[in-house]
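All values reported here derive from a predicted model rather than from experimental measurement. The chain is numbered in sequence order, starting from 1.
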Amino acid sequence: MAQILDGLKVSGEIKQEIKAEVEKIKASGKRIPHLSAILVGNNGASKAYVNSKVKDCAEVGFESSLYKFPSTASEAELLEKIEELNNDPNVDGFIVQLPLPKQMDQEKIIMAINPKKDVDGFHPENFGRMALEMDTFLPATPFGILTLLERYNIETKGKHCVIIGRSRIVGRPMSILMGRKDFPGNSTVTLTHSYTPHIEEFTKNADIVITALGDPHFLKGEMIKDGAVVVDVGITRVEDNSEKGYHLAGDVDFDSCAEKASWITPVPGGVGPMTRAMLMKNTLLAYKHTIYKD
């Protein structure tokens, strides 16, 4: 049976490390780090995610502020708030929760964020710097996966890593990061997606499979080789007859894959908590001005 890559445990350790740094900052009499978030509309998942970020800030000792806009808000109103946060010296980083309402140009909104405060790592400037292996903010989920592999000392050098999904938030950056000259990295990477025929021909030969497809239980045990490392980024609400009316399911058929894998992430409790912890880490990095030194 596979051993668990416990994101809940590791994220807790990271948050404690950040908290200790914040306590030193506070003891020295300096201003503490401040993360802001912008939420547009009433999407339930977005509200829950932003609220969890506010809670994480309180846990590590950060200041936080949340700006809520109705779904009918104009693009101009949102751009005005972004400009205000860009110019606020007391805000170290901020995020605009996606997705945005249809009347807003998502690309225009992302481009308006100061790259030095873009702790989500979505700005094209930060993405480009990441691709060139320059100092920058890494997108929180890929950053979390790298950190999880690093803390469990999972060998990646010379390994074949197959990524399922090509989103700009996970799949594409993950393919770049796993091929970088670093640890974790130095892997031979294959990026697959919904139009890749016979995906199992790739996954059966993979030492590491990272799946971010959003298709519950897509990856079955017969699709991986013995000893593979399996990282499940997918999280989907699946309706059932429980009191809540749903359960959370990953892209991986956990039971069948756990019988063959050497390491595996659970859902929930794997990649999700790491994503939240790395947003805190990016905010601390922004506060310390450790990026853009080159």
Side-chain angles (χ1 to χ4, degrees), residues 18 21-22 24-26 28-43 46-47 49-132 134-141 143 168-169 173 275-294:
I18 295 170
E21 282 204 57
V22 174
K24 287 179 185 175
I25 292 167
K26 198 182 290 186
S28 70
K30 294 176 183 174
R31 177 183 69 80
I32 59 175
H34 185 160
L35 173 68
S36 291
I38 297 174
L39 177 65
V40 185
N42 292 305
N43 180 286
S46 291
K47 283 168 71 175
Y49 196 50
V50 167
N51 288 336
S52 72
K53 290 167 183 174
V54 172
K55 183 182 172 187
D56 289 337
C57 284
E59 195 178 329
V60 300
F62 288 177
E63 290 264 359
S64 69
S65 48
L66 174 58
Y67 300 96
K68 297 180 180 178
F69 289 83
S71 57
T72 53
S74 69
E75 190 177 88
E77 287 177 281
L78 186 54
L79 288 169
E80 187 180 340
K81 175 54 72 175
I82 289 170
E83 187 61 18
E84 182 186 312
L85 294 175
N86 281 340
N87 295 316
D88 189 339
N90 293 314
V91 172
D92 301 292
F94 68 94
I95 61 128
V96 177
Q97 185 63 37
L98 304 177
L100 293 169
K102 289 178 182 177
Q103 75 269 21
M104 295 182 183
D105 182 340
Q106 184 170 296
E107 299 304 323
K108 189 176 179 181
I109 297 300
I110 291 171
M111 287 292 289
I113 298 168
N114 181 346
K116 294 183 181 181
K117 293 192 177 188
D118 169 40
V119 288
D120 258 338
F122 292 163
H123 193 284
E125 185 173 329
N126 286 327
F127 196 100
R129 292 175 69 91
M130 175 197 68
L132 294 170
M134 297 167 73
D135 200 16
T136 192
F137 295 120
L138 300 181
T141 299
F143 193 8
R168 65 193 291 174
I169 295 172
T275 298
R276 288 170 53 183
M278 302 330 282
L279 183 66
M280 299 299 109
K281 184 81 171 177
N282 275 346
T283 303
L284 184 61
L285 291 172
Y287 174 85
K288 292 160 75 174
H289 301 292
T290 56
I291 65 164
Y292 298 128
K293 281 184 177 177
D294 39 61

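Of the possible polar contacts, none joining the Gln103 side chain to the Glu75 backbone as a donor-acceptor pair under 3.5 Å is found. Lys117 contributes a side-chain N or O that, together with a main-chain N or O of Val91, makes up a donor-acceptor pair within less than 3.5 Å. Within the 3.5 Å criterion, the main-chain N or O of Asn114 finds a donor-acceptor partner in the side chain of Asn86. Side chain of Arg129 to main chain of Thr136: no donor-acceptor pair is present (N/O by atom type, distance under 3.5 Å, no hydrogens or angles). The backbone N or O of Arg276 lies less than 3.5 Å from no partner atom in the side chain of Tyr49, so there is not a single donor-acceptor pair. Under a 3.5 Å cut-off, the side chain of Asn51 and the backbone N or O of Lys47 do form a donor-acceptor pair. A donor-acceptor contact shorter than 3.5 Å is absent between the side chain of Asp120 and the backbone of Phe94.
Pro173 and Phe127 get closest at one heavy-atom pair: CD-CE1, 3.9 Å. For the pair Leu35 and Cys57, the tightest heavy-atom approach, listed with the atom from each and the gap, is CD2-SG, 3.7 Å. Here the closest non-hydrogen pair linking Pro99 and Gln106 is CA-OE1, 4.3 Å. For the pair Pro124 and Met111, the tightest heavy-atom approach, listed with the atom from each and the gap, is CG-SD, 3.4 Å. Ala112 approaches Ile82 most closely through the heavy-atom pair O-CG2, 3.6 Å. Of all heavy-atom pairs between Pro33 and Leu284, the closest is CG-CD1, 4.1 Å.
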Assess whether side-chain contact (heavy atoms from CB on, under 4.5 Å) is satisfied between Val40 and Gln97, documenting all intermediate values.
-> CA-CA 7 Å; Val40 185; Gln97 185 63 37; over 6 Å; no
So Val54 and Asp56, side-chain contact (heavy atoms from CB on, under 4.5 Å) or not? Walk me through it.
-> CA-CA 5 Å; Val54 172; Asp56 289 337; over 6 Å; no
Criterion side-chain contact (heavy atoms from CB on, under 4.5 Å) on Glu125 and Phe137, from CA distance to verdict = CA-CA 10 Å; Glu125 185 173 329; Phe137 295 120; over 6 Å; no
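Defined by atom type and a distance below 3.5 Å, a donor-acceptor pair is missing between the side-chain atoms of Asp92 and Thr283.
Rounded to the nearest 0.5 Å, atoms CE (Met280) and OG1 (Thr275) are 11.5 Å apart. The line from CD1 of Ile113 to CD1 of Ile95 is 9.0 Å long, rounded to the nearest 0.5 Å. Distance check: Leu78 CG to Glu83 CD gives 12.0 Å after rounding to the nearest 0.5 Å.
The side-chain heavy atoms of Val96 and Phe122, taken from C-beta on, include no pair separated by under 4.5 Å. Taking 4.5 Å as the limit, every side-chain heavy atom of Ile38 sits out of range of all side-chain heavy atoms of Val50. The shortest distance between side-chain heavy atoms of Met130 and Leu138 falls below 4.5 Å. Within the 4.5 Å cutoff, the side chain of Ile18 has no heavy atoms near those of the Glu21 side chain.
At most 12 heavy atoms of other shown residues, nucleotides or ligands fall within 6.0 angstrom of atom CD in Glu80.
Annotation: salt bridge (Lys or Arg N to Asp or Glu O under 4.0 Å) contacts of Glu77 (sequence neighbours excluded): none.
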Check residues 62-73 and write down every donor-acceptor pair under 3.5 Å in which the side-chain atom is one partner and the other belongs to a residue at least two apart or another chain.
{"unit_1": "Ser65", "atom_1": "OG", "unit_2": "His34", "atom_2": "NE2", "d": "2.9"}
{"unit_1": "Ser65", "atom_1": "OG", "unit_2": "Ser36", "atom_2": "OG", "d": "2.5"}

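Look at Lys81 and Glu84 and you find a salt bridge, because one of the NZ, NE, NH1 or NH2 atoms lies within 4.0 Å of a carboxylate O, short of that distance. Electrostatic pairing of Glu107 and Arg168 counts as a salt bridge here, judged by a charged N lying under 4.0 Å from a carboxylate O.
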